[in-house]
Amino acid sequence: MAAHRKSAHRKPKQRPFTGPAARTAATLALAGAATATSATGAGAAPAEPAPTAAQVRAKVDRLYHDAEVATEKYNGAKEKEAAATRAVDALADEAARRTDRLNTARHTLGSMATAQYRTGTLDPALQLALSSDPDSYLERAAHLDRAGDRQASLLSNIRRQLSGIARVKARADQETEALAARRAELDKHRTAIRTKLADARTLLATLTAAERAAYERAADAAHGGGPATSADGSTAHPDRAVTGAHADRSAPRASVAAPNSRAARAVSFAHGAIGKPYVWGATGPNAFDCSGLTQAAWKAAGVSLPRTTYTQINAGQRVSHSELAPGDLVFFYSGISHVGLYIGGGQMIHAPRPGAPVRIAPISQMPFAGATRVA
């Protein structure tokens, strides 16, 4: 019995696979190992290589350029939004004046109706028959006729006022819709600018300190940079501009004389703005974007320029590159997205980009698109 129990609990002896069975087992084992290896590495795809410093710089430059394009579109949309706001306000004022006149006419008509109700009316023939003084009655009747004519005129005036108010209201509704569209356009361009500038800052943050410094030097060289000074000649405050080489206000002025006193005043204003920060949408006096600077410079000379680069280029007489004189507006890129104020000697004063304050730069550093002589 004991021997039987012992043999019953003994594990059966495993026989090794041989022949075809062995080959099948080996194949399954290899397949399982391959599957396990594949599953282990499925979520670990090789990472894309980080962009080089040169690629980062190229992307940042493109983002700054795109932000400037969006800035000029923003400036144009802001002008249209302001015009639409003025139109809506003017129509509201007109509607209020018309309503006041309507209320006055209604009050007068109501007073006349009240007076007639209080005095009552008789048939004119009977009044004449009963009158003790027919001559006096006829005189009063003539006055009544005139009063009736005046009442009819008031009614006609009220009808005109109601019609006029309805027309003004319809125009106001149209202008209000246009204003909403302008504001939506403004928000779209504002969002685009902020997004592109944020992307540029994010990319710049991936550079080392040395790479960032090299980028700033290259960007400043491209835009005419110099020592870091502010508008009053002191060291630029970090809150006003990103660190880097900034234009020196004490840089020698071009020896080429302006063609007239107004151009000279515009150039003088631009020199006084050197070192002030670039801020998109700004027209001074403490910060500027590119078209804001040229607009402010010529405003100081008594000339009103439109707000955007693509409207400023049509604000005067076109001149060729060889005909440039101090005070001329010089434009760059195929989309006319940048403008500076020519000061002679192949140089201009312009507001380059975020982080780069107003400065003197050679006009050869950007693709020249045209020039305009304002006065």
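Excluded from the calculations below are hydrogen atoms, water molecules and symmetry mates; all remaining heavy atoms, backbone and side chain alike, are included.
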(message) Looking at Q55 and T52, would you say the former's side chain and the latter's main chain have a donor-acceptor pair under 3.5 Å?
(response) yes
(message) Quick one, Y342 and I363 - any side-chain contact, counting heavy atoms below 4.5 Å?
(response) yes
(request) Return yes if a side-chain donor-acceptor contact under 3.5 Å exists between Q312 and T309, otherwise no. (result) no
(request) Would you mind reporting whether S337 and H65 have side-chain heavy atoms less than 4.5 Å apart? (result) yes
(request) Could you tell me whether the side chains of T311 and T308 share a donor-acceptor contact shorter than 3.5 Å? (result) yes
(message) For E185, is there an ion pair with R182 - N to carboxylate O distance below 4.0 angstrom?
(response) yes
(message) Give me the atom names and distance for the closest heavy-atom approach of G164 to R98.
(response) CA-NH1, 3.4 Å
(request) Starting from the C-alpha separation in whole Å, work towards a yes-or-no answer on side chain to side chain contact (heavy atoms under 4.5 Å, CB included) for H350 and V330. (result) CA-CA 10 Å; H350 72 146; V330 283; over 6 Å; no
(request) Evaluate the side-chain proximity of F332 to V339: yes if any heavy-atom separation is below 4.5 Å, no if none is. (result) no
(message) Would a single hydrophobic cluster contain both V374 and I336, if residues Ile, Leu, Val, Met, Phe, Trp and Tyr are joined by side-chain heavy-atom contacts under 4.5 Å?
(response) yes
(request) Determine, step by step, whether I360 and H271 satisfy the side chain to side chain contact (heavy atoms under 4.5 Å, CB included) criterion, reporting the C-alpha distance in whole Å, the side-chain angles of both residues, the deciding distance to 0.1 Å, and the verdict. (result) CA-CA 9 Å; I360 296 174; H271 272 282; 4.1 Å; yes
(request) Measure across Y74 and G281 and return the closest heavy-atom pair with its distance rounded to 0.1 Å. (result) CE2-CA, 4.3 Å
Pairs under 3.5 angstrom only: tabulate donor-acceptor contacts from the side chains of residues 186-197 to other protein residues two or more places apart or in another chain.
from, atom 1, to, atom 2, distance (Å)
D187, OD1, R190, NH1, 2.5
T191, OG1, D187, O, 2.9
T195, OG1, T191, O, 2.8

(request) Might you point out which heavy atoms bring A263 and P326 nearest each other, and give the distance in Å? (result) CB-O, 3.6 Å
(message) Same cluster or not: Y310 versus V319, using hydrophobic residues (I, L, V, M, F, W, Y) connected whenever any side-chain heavy atoms lie under 4.5 Å apart?
(response) no
(message) On a heavy-atom basis, which atom in A200 and which in Y64 lie closest, and how many Å separate them?
(response) CB-CE2, 4.1 Å
(request) Quick one: closest heavy-atom pair of P277 and N286, and the distance? (result) CD-O, 3.3 Å
(request) Look at E79 together with R307 and state whether they make a salt bridge at an N to O cut-off of under 4.0 Å. (result) no
(message) Would you compute the distance between atom CG of N75 and atom SG of C290 and round it to the nearest 0.5 angstrom?
(response) 8.0 Å
(message) Assigning hydrophobic clusters by single linkage (Ile, Leu, Val, Met, Phe, Trp, Tyr; side-chain heavy-atom cutoff under 4.5 Å), is F288 placed with V303?
(response) yes
(request) Given side chain to side chain contact (heavy atoms under 4.5 Å, CB included), test L293 with I349 step by step and report yes or no. (result) CA-CA 9 Å; L293 173 64; I349 296 175; 4.2 Å; yes
(request) May I ask you to test the E81-L179 pair for a side-chain heavy-atom distance under 4.5 Å? (result) yes
(message) Listing request: all ring-ring contact (aromatic ring centres under 6.0 Å, His included) pairs with a residue in residues 355-375, at least two apart in sequence or in separate chains.
(response) H321-F368
(message) Using side-chain heavy atoms (C-beta onward) and a distance below 4.5 Å, is Y278 in contact with T71?
(response) yes
(message) I'd like to know if the side chain of Q365 and the backbone of P362 have a donor-acceptor N/O pair within less than 3.5 Å.
(response) no
(message) Strictly distance-based, threshold 3.5 Å: is any side-chain N or O of S268 a donor or acceptor partner for the main-chain N or O of A264?
(response) no
(message) Please report the interatomic distance CG(L341) to CH2(W298), rounded to the nearest 0.5 Å.
(response) 7.5 Å
(request) List the steps, then state whether side chain to side chain contact (heavy atoms under 4.5 Å, CB included) holds for D199 with R62. (result) CA-CA 11 Å; D199 289 347; R62 186 167 62 251; over 6 Å; no
(request) Enter the distance from E94:CD to R167:CZ here, rounded to the nearest 0.5 Å. (result) 9.0 Å
(request) Could you walk me through whether E216 and R353 pass the salt bridge (charged side-chain N to carboxylate O under 4.0 Å, His left out) test, one step at a time? (result) CA-CA 12 Å; E216 293 293 344; R353 60 174 176 82; 3.5 Å; yes
(message) Quick check on the hydrophobic clustering: are L305 and F331 connected, directly or via other members, by side-chain heavy-atom contacts under 4.5 Å?
(response) yes
(request) Please tell me if the side chains of M366 and M348 come closer than 4.5 Å, counting only heavy atoms from C-beta onward. (result) yes
(message) Could you measure the distance from the OG1 atom of T372 to the CG atom of D328? Nearest 0.5 Å is fine.
(response) 8.0 Å
(request) Drop me the distance from T99's OG1 to K169's NZ, to the nearest 0.5 angstrom. (result) 11.5 Å
(message) Would you say L63 ends up clustered with V56 if hydrophobic residues are merged whenever their side chains have heavy atoms under 4.5 Å apart, either directly or through other cluster members?
(response) yes
(message) I'd like to know if R171 pairs up with E175 as an ion pair, taking the criterion as any Lys NZ or Arg NE/NH1/NH2 lying under 4.0 Å from an Asp or Glu carboxylate oxygen.
(response) no
(request) Return the minimal non-hydrogen interatomic distance between P357 and G275, and the atom names on each side. (result) CB-O, 3.4 Å
(message) So, taking the atom named CZ in R57 and the one named CG in D61, what distance separates them when rounded to the nearest 0.5 Å?
(response) 9.0 Å
(message) Would you call the rings of Y333 and H338 parallel, tilted or perpendicular, taking 30° and 60° as the class edges?
(response) perpendicular
